[in-house]
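We name chains A, B, ... by the order of the sequence lines, and we start the count at 1 in each one.
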There are 2 protein chains.
Amino acid sequence: MTVASQGVSSARYSAQIRSHALQTRIMDLILEQGLDVGDSLPTESELSAVLGVGRNTVRESLKVLQALGVIEIRHGFGTFVAPNNFSALTEGLVFRGRLSLRHQGEEAMELVDVRQALESGLIGRAIDLVTAEQLGDLRAVMEAMDKAAAAGEPFAELDAEFHRRLYAPLNNELLMNLMDVFWKVYRQIHQALGAGPVNLGEQARIHWEIYEAVADKDKTLAAERLQRHFDGIRQKLKDVAAR
Amino acid sequence: MTVASQGVSSARYSAQIRSHALQTRIMDLILEQGLDVGDSLPTESELSAVLGVGRNTVRESLKVLQALGVIEIRHGFGTFVAPNNFSALTEGLVFRGRLSLRHQGEEAMELVDVRQALESGLIGRAIDLVTAEQLGDLRAVMEAMDKAAAAGEPFAELDAEFHRRLYAPLNNELLMNLMDVFWKVYRQIHQALGAGPVNLGEQARIHWEIYEAVADKDKTLAAERLQRHFDGIRQKLKDVAAR
DNA sequence: TAACGGAGATGGGACGTCCTTTGTCCTATT
DNA sequence: AATAGGACAAAGGACGTCCCATCTCCGTTA
């Protein structure tokens, strides 16, 4: 544990506790009133009155809750309970990643480790649950990837889509969000590092191999190929960071 | 899909883009100036001047960045680049979890799935890397757990500590943070659900079995026992949610 | 019937003011 | 000389107020 990691939660920062309390009160208010995703919160002025604090203070808390993906603020219309949304988490992680590039990109590597564990750990169950239709979707992505590769176009988005669809059978929204976050963060760190030239054809081939293993319902093989896929990514990161 | 669920990411919300841009500018400013963890940012007034926006606006962005774990604000002292810290993420997830209790606690289940994949997926490498000292630490936790179980005291904290130490050998701070978050969220959801009576002795036994497998460096067995541990948790959740 | 536009509501933002907290430094006391 | 305590300055915290920007809704008009 680092020196400072005891920081934020420490009782020392009473101000943080107070503003944190306000956020909690707002969340509790949502829950108490039985609001659900899509329902609207009271206006800022109303909240300011109900909670007994100034409107600016309310606004600060609302902004934080929005950043945490709890609510959605729409200018001129109102504030609403947000659907699941982790995009905020992305920002923080990307920042962390960029900050860590000064220290040999540890964070990026850690991120790949976590992704690897998640994906190769879950592929088995995904194979158990995948339907023919979902497999078809996956294949469609691969064909698009081939097309992009043949045209010499990068296919970062298709890559992400492939991994996303791979785990769609699990029907786990939290996982989807997390994987999205990891993917975006990885992407941005990769770009910031200055990605070297990529071999599109080989990229596509690796994904095809994973697809084949999944289509054959061969869990061990799929897990192994995913593992290797990530080993490759890790190696590439190491190469870039070494410069 | 609800009315609002197409919301946040849409280009439609220019206001969100603007405030998001401000956050990004602050983060960029940190990176450009070469600030590292612990360094202090300009004061709110200075930022307000440099960025050409009002102090309240700056404050809103700073609060968000604090919530994202990017910076740490200390009343009367200044604003600093924060060490890694995910505690903020916890809040959002706990809220999600509580919100979802109305829908048979799906989120809690998803959370367990992700934890399971992460932990059983990473235990192998943890076993590869674990040192004798770390193994000793792990054992110490187990002995404390035994003592608590014998005394009839719940040992949620020791349980968390066990899982934390299990993966300490990986030296992956991101993973540690994530696991901490998952743990806290799970804990809170569990409490909110109204935890049933727990069999302390059996809890301890299960953890001992995992420990033994790790001590024997038996990766397969450890992964399997972890898997079963989580299956048990999942079953318990299902029971509680069924009421 | 469809397109346009205004009204009203709601969030966005900027100042200015005063309070609270924190760290520092200086002084007085022992 | 060492220490305790108070004064001071700097920084963030909270509010109130005023005006702007944007959205939705609904009525008007072509």
Side-chain angles (χ1 to χ4, degrees), chain A residues 4 7-26 29-30 35 38-68 70-82, chain B residues 2-26 29-30 35 38-68 70-82:
Chain A
V8 173
S9 59
S10 157
R12 174 183 188 181
Y13 305 99
S14 60
Q16 295 182 9
I17 290 173
R18 239 177 308 157
S19 84
H20 182 273
L22 183 54
Q23 294 159 28
T24 305
R25 282 174 67 193
I26 296 177
L29 188 142
I30 294 174
L35 302 181
D39 293 343
S40 78
L41 272 68
T43 68
E44 294 182 349
S45 314
E46 283 170 347
L47 280 176
S48 160
V50 171
L51 301 174
V53 295
R55 190 181 153 218
N56 277 326
T57 314
V58 170
R59 276 174 59 76
E60 283 175 7
S61 284
L62 289 179
K63 279 291 186 74
V64 169
L65 291 180
Q66 179 184 43
L68 296 181
V70 170
I71 62 175
E72 181 182 333
I73 304 174
R74 293 173 58 182
H75 191 174
F77 193 39
T79 307
F80 305 84
V81 180
Chain B
T2 63
V3 181
S5 65
Q6 49 190 335
V8 174
S9 58
S10 157
R12 172 185 191 180
Y13 302 98
S14 58
Q16 292 183 10
I17 290 173
R18 240 176 310 159
S19 83
H20 182 274
L22 183 54
Q23 293 159 29
T24 305
R25 281 174 69 194
I26 296 177
L29 189 141
I30 294 173
L35 302 181
D39 293 342
S40 79
L41 271 69
T43 68
E44 294 182 348
S45 314
E46 282 169 346
L47 281 176
S48 160
V50 171
L51 301 173
V53 296
R55 191 179 151 215
N56 273 328
T57 313
V58 169
R59 275 176 61 76
E60 282 174 7
S61 284
L62 288 179
K63 280 290 187 73
V64 169
L65 291 180
Q66 181 184 42
L68 297 182
V70 170
I71 61 175
E72 181 179 318
I73 303 175
R74 293 175 58 183
H75 190 174
F77 193 39
T79 308
F80 306 84
V81 179

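Taking 3.5 Å as the limit, the base of D:dG13 and the side chain of A:N56 contain no donor-acceptor pair of atoms between them. One can find a donor-acceptor pair under 3.5 Å joining the base of D:dA21 and the side-chain atoms of A:H75. Under 3.5 Å, the side chain of B:R55 and the base of D:dG13 form at least one donor-acceptor pair of N or O atoms.
Residue B:G76 is in base contact, counting any heavy-atom pair closer than 4.0 Å across all strands shown. Residue B:T79 is in sugar-phosphate contact alone, with no base atom involved, counting any heavy-atom pair closer than 4.0 Å across all strands shown. If you check every strand for non-hydrogen atoms under 4.0 Å, A:S19 touches nothing.
Between B:L41 and A:G52, the residue anchored closer to the 5' end of DNA chain D is B:L41, taking for each the nucleotide with the nearest heavy atom. Annotation: of the two residues near DNA chain D, B:P42 and A:S48, the 5′-most nearest-nucleotide partner is B:P42.
Between A:R74 and D:dT24 there is a side-chain N or O to OP1 or OP2 distance below 4.0 Å. In this model, the phosphate group of C:dG12 is approached by a side-chain N or O of A:R59 to a distance below 4.0 Å at OP1 or OP2. Between B:T57 and the phosphate of C:dA14, there is a side-chain N or O to OP1/OP2 separation shorter than 4.0 Å.
Of the candidates D:dG13, D:dA11, C:dT10, the closest approach to any side-chain atom of B:T43 belongs to D:dA11. The side chain of B:F77 sits closest to C:dG23 out of C:dG12, D:dA14, C:dG23.
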